[in-house]
Amino acid sequence: MTNNEIETKWQKKWREAKLFESNPNEKEKLFITVAFPYPSGAMHVGHGRTYTVPDVYARFKRMEGYNVLFPMAWHVTGAPVIGIADRIKRKDPWTLDLYHRVHKVPKETLPSLEDPINIVKYFSNEYHEVMDEMGYSIDWRREFRTIDPTYQKFIEWQEKKLYSLGLIEQGEHPVKYCPHDENPVGDHDLLEGEGVGVNEITVIKFQLDDGRYLVPATFRPETIFGATNVWLNPEVHYIEVEVKDGISKGDKWIMSNDAFTNISNQHELEIIGDVDAKAIIGQNVKNPLTGAPLPVFPASFVDAEYGTGVVFSEPADAPADYMALQDLKKNAELLEEYGIADIAAKTEPIPTITVKGYSEIPTKDVCERLEISNQNDPKVQDATDELYKIEHSKGYVHERIEKYGGERVAYIKDVIKDDMIADGLADIIYDFAERPVICRCGTKCVVKIMDDQWFLKYGDEEWTEKTQKLLAQETIIPEEIRPNFEYYLDWLDNWACSRRVGLGTRVPWDPKWLFEPLTDSTMYMSYYAIAKYLRDMDPADLNEAFFEKVFLNKDSDEITVPAEKVKEIQDEFNYWYPLDWRLSAKDLVGNHLSFLMFTHAAVYGEENWPKGTVVFGMGLLEGNKMSSSKGNVILLRDAIKEYTADVVRLFLMASAEPWQDFDWREKEVRGTQRRLEWFRNFASRVEEIKGSKLDLSKIEDVELERSIDKWMISQLNLHIKEATEALEVFQTRQALQHALFLLKKDVDHYTYRIRPLIDKQDPAVIYVLSTVLDNWIRLLAPFTPHTCEELWSTYGGEGFASEAAWPEYDESLIDGEIEASEDLVQNIVKDIKEIKNIVDKESEKVHIYLAPEWKWDLYRIADEVGKPDVGQIIGRSIKENILDDKKEIANAAKKVAREITKTKYIGKIDEATILEDAKDFIEEEIASELVIHTDDSYDPQNKARNAMPYKPAIFME
RNA sequence: GCAGGGGUGGUCGAGCGGUCAAAGGCACUGGGCUCAAAACCCAGCGGGUUAGUCCCUUCGCGGGUUCGAUUCCCGUCCCCUGCACCA
């Protein structure tokens, strides 16, 4: 049988034994969940890590005696698959290639993915299979998809609950939007413009004499006091529109045709007709705040696509305006064409913002310093950035300006904006911070205002406070990210929770909307707890009254389910809740994980608040970020075929802690594979050494005499202890460091040490190795369950390894003296070898001298003093009279003072016995005869006085 | 910009007041096993020096606290992640 076949065999046995179907019982429960996948593509090794961590923990806890529930389901809600299906339907080559080549969907299956439902079905089925192939200990009876009718009933209840608590309200919101798809778009829907923000821009209304408005858009409403003119670009197509809604209703605005495309998604606008920019240039508009007449001038830097395509000029603080004004004054042809020579000559920057380190006209300083030549010079952007930043943070409104003069820019700009809006002098539009923003369908995106959007009020103060309380009582792993959570909970504002397009559950009180995916996934752990009942029930029975009773114990006569059934379901919920651990990736801290906390805080009492959250890092592939869309992934299924599930699991758990980024490097994976192979070989070697059938359930007890045997048992217990403690807090890497790598090192050392006994069927060796193996199989069972089951059954373990008891360590067997003993032996060997290396002549006999009693006293005293204080050490030693020769004491004390900070003092050890015990080994290692002296009766070269505790003196003859 | 995290040897990555020239892996070097290779085992892996020693340099950079700092404090430079309507 190949290793892959062995794995399949055990998966089948587990399934047949219903090993992971968890029902309430008298044991202590443990409920662990991990963010369920959105199955829009194949599972890769990055996902593998995400789901292996909870599995390892679940298996570990099961072995510790807990009744563990580890469920799984499919988050199929949302819009992305709609877009994917659409692109497959349109035969978009990039998408087809991605799904065929990267996600490995067979060619003949591809056409069926034109239906979004089939995409999520196809991949959730695949996920399920691959999770089985990975050996996950999931209770599949609780599997569901988020569009199952029963789940939708649950979501309806949940959201109505929040609605009734006043935590959902209606409002308006700007979103990135694709006019072609008629749907808001997220970053992953974009061809270009990922991460581009949406900015709010103030539109200031400058009225022409005929009553129409030029409507420049600006980030800097405070510079309105320095406005000298308005710019239009004669090359741009302008139109006149009538505003049909909002605070500017009835206004007639002039803007660029390109701007209209965007703004018409935010305001209801009616096109009146084209406008000839040339006819307006030269006319005057009125500064809405000061009433001053301002001329309209031509400028080429004006971008038709940005804002409104109209710009007001503030040459004192906007470098582009300053340069455009300079350019205009020099351009006789233009001045003549529009008959604006006189007025242009009179137009000068007006000091408006004062900022330390700059003159009254900061643009002049900057443009001259950067040697900007004209308005289309790319350096204009640098100048603008510099001034915007410095004036925003350190600028003040000029003293000459009434009402706002002397105020900080950062503070007053919003005041000025709000004042103008209140007075009907300004309005708001939204635009992208950068362009272009292009949808995957190829259409340019716009900013649209969704005005009957539903919001979850995560900005609500009381709710936030309660959620902070929930967070405070949770265990967060790693603890360092707690401040992140605290920050996010406060920062989160109202969340648009409804969508028009996608898969999902309809808003019960406003069915044209669907709940978006981050909203219908905040409480499903509750659903898991009872899912095994609901799957066979009639959705019609799952009314609000039912859920209120099950989750919140509220009685009602509207419950249609038989009372005893309700009771059973309710009991199960109460058994599993609260959730013990929630696991999810780092990038969900600011939304999903926080939302989960909000929802639980709102709906449940403290007794049902989640108790712990674990946050994951990302996956790298040979040092590069893993990404399906870039094709830079290894599919989990391929990895299993290549290396087996156990190797994949082991590598993922050993290469990094869960919250760190791991790096899938083939070379290291191969190394892991060899390590596991070594472990299997070790098991068979133990049987070989025993010389007869190995039965781990019947290991014969042996009283250990040799130090090295005790040492091995001590190390075993130490590693069990360390691994257990690490695993308790999800440190899978640290746990494996002990449970596999360091233990292996020690076993290597042990077998090396006892190698002359290896084929002598020494009872102690057999006992030690059998005991190691017995514990070791169980220690690794959570990580490499298939291999461990196989070894367990081969070598006589009882029942499933998955159900065996987690190894217990015996603190009393972890023996510092034994450790020190072995160190002593190793150091002697090392020292002798080193001396042999330096002195090139061969020696037949090596004498070693042990430290006399009084030096041990000295060491003890130094340890009591605790710091390298030679005076104090000598003083105390003399007082205790450890030796008559005070000079000797002083000499040794100096040495000890230095040593004491480098050695751990564990008390006196019986060096003579230890060395005698290891004499054969040492002699073989040094290839000489060894003579151990406890006194200096034979000491021709006077070496004995060098002896110190833990460090005998050496004389080579 | 705001917030959070981080800079360790050829490399990945532990350590977070003394036991640290710094765990473990990988790479590399020497040795064993073998006809040979892989695997496996032993040893070395900053520099110099030595009867097992000691010295110098080193944990981004510069200061400080301490008998003692990779570990604590201050400053400084650099890097990564998140900043939303999206799974």
Side-chain angles (χ1 to χ4, degrees), chain A residues 35 37-41 75 77-81 173-176 184-190 195 197-198 389 392-393 450 453 455-456 458 478 480-488 491-499 516-519 521 585-592 617-618 623 654-657 659-663 665 667-668 670-672 674-675 677-678 681 733-734 736-738 740-742 744-745 748-749 751-752 755 827-828 830-839 843 866-869 897-905 925 941 943 946 951-956:
Chain A
Y38 182 74
S40 66
H75 195 205
T77 322
V81 288
H173 194 75
V175 294
K176 280 181 201 167
V185 288
D187 272 347
H188 58 275
D189 297 320
L190 296 177
V198 170
K389 216 179 265 178
H392 181 79
S393 55
M450 309 293 272
Q453 175 68 259
F455 287 89
L456 270 158
Y458 295 135
E480 292 86 72
I481 61 143
R482 183 183 291 280
N484 251 316
F485 274 107
E486 288 168 352
Y487 169 80
Y488 275 116
W491 171 82
L492 277 164
D493 202 353
N494 293 347
W495 176 265
C497 64
S498 54
R499 292 291 175 278
E516 61 82 40
L518 284 167
T519 299
S521 56
K586 226 196 286 214
D587 49 339
L588 297 181
V589 169
N591 47 52
H592 167 259
M618 302 289 166
S655 68
E657 300 295 4
W659 44 92
Q660 297 172 326
D661 295 348
F662 75 91
D663 191 356
R665 276 179 292 188
K667 210 162 194 167
E668 306 265 346
R670 294 258 172 239
T672 308
R674 283 201 302 272
R675 208 42 54 89
E677 201 49 52
W678 179 95
N681 287 339
R733 178 190 153 95
Q734 175 76 359
L736 275 172
Q737 206 57 233
H738 286 280
L740 182 55
F741 300 99
L742 295 176
K744 174 193 175 288
K745 234 181 139 126
D748 278 340
H749 180 72
T751 46
Y752 186 71
R755 94 202 105 130
N827 286 335
I828 281 286
K830 206 170 172 179
D831 286 348
I832 294 172
K833 278 184 175 170
E834 195 162 337
I835 297 168
K836 281 198 165 186
N837 242 332
I838 297 163
V839 189
S843 58
K867 47 183 178 180
D869 183 340
R898 236 186 359 230
E899 285 293 309
I900 194 75
T901 58
K902 290 199 274 184
T903 323
K904 76 178 160 208
Y905 174 78
E925 282 297 297
Q941 285 195 15
K943 297 280 185 193
N946 291 337
K951 198 169 182 63
I954 298 165
F955 165 55
M956 289 179 22

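Keep in mind that what you see is a predicted model, and the values were worked out from it rather than measured. Naming convention: chains lettered A, B, ... in sequence-line order (proteins, then strands); numbering from 1 in each chain.
- Nucleic acid contact class of A:N681 (heavy atoms, under 4.0 Å, all strands): none.
- Contacts of A:A953 with the nucleic acid, taken as non-hydrogen atoms under 4.0 Å apart, include base atoms.
- A:N827 comes within 4.0 angstrom of no nucleic acid atom, judged by non-hydrogen atoms across all strands.
- Of the side-chain N and O atoms in A:K836, none sit less than 4.0 angstrom from OP1 or OP2 of B:U50.
- Among the protein residues, A:N591 comes within range of the nucleic acid bases, having at least one heavy atom under 4.0 Å from a base atom.
- At a threshold of 4.0 angstrom between heavy atoms, the contacts of A:L518 include nucleobase atoms, whether or not backbone atoms are also involved.
- Contacts of A:W491 with the nucleic acid, taken as non-hydrogen atoms under 4.0 Å apart, include base atoms.
- Contact annotation for A:K833: no contact, since no heavy-atom pair falls under 4.0 Å across all strands.
- Residue A:R665 has no polar side-chain atom (N or O) positioned under 4.0 Å from OP1 or OP2 of B:G13.
- Comparing atom distances between the A:K667 side chain and each of B:C86, B:G52, B:A27 picks out B:A27 as nearest.
- Across all strands shown, A:R482 has no heavy atoms under 4.0 Å from either base or sugar-phosphate atoms.
- No engagement by A:I832 is indicated, since no non-hydrogen atom pair under 4.0 Å with the nucleic acid exists.
- For A:N946 and B:U50, the CG to P distance is 18 Å, given to the nearest whole Å.
- Ring geometry for A:Y487 versus A:W491: interplanar angle under 30°, hence parallel rather than tilted (30 to 60°).
- In this structure, A:D663 reaches neither bases nor backbone, as no heavy-atom distance under 4.0 Å exists between it and the strands shown.
- In this structure, A:E668 reaches the bases: a heavy-atom distance under 4.0 Å links it to at least one base atom across the strands shown.
- Toward the 5' end of RNA chain B, the nearer of the two residues A:K586 and A:N484, judged by each one's closest nucleotide, is A:N484.
- In the set B:U53, B:C41, B:A23, B:A23 carries the atom at the smallest distance from any side-chain atom of A:R733.
- Side-chain N/O atoms of A:D831 and base N/O atoms of B:G52 include a donor-acceptor pair closer than 3.5 Å.
- The salt bridge (Lys or Arg N to Asp or Glu O under 4.0 Å) search around A:D748 returns A:K744, not counting sequence neighbours.
- For the OP1/OP2 pair of B:G24 and a distance below 4.0 Å, the side-chain nitrogens and oxygens of A:K745 include at least one atom meeting the criterion.
- Interatomic distance, A:H749 NE2 to A:K745 NZ, rounded to the nearest 0.5 Å: 10.5 Å.
- Contact annotation: A:R674 side-chain N/O to B:C40 OP1/OP2 distance is under 4.0 Å.
- Among the heavy atoms of the strands lying under 4.0 Å from A:P952 is at least one base atom, whether or not backbone atoms are also near.
- Within the 4.5 Å cutoff, no side-chain heavy atoms of A:F662 are placed close to those of A:E668.
- Under a 3.5 Å cut-off, the side chain of A:E657 and the backbone N or O of A:W659 do not form any donor-acceptor pair.
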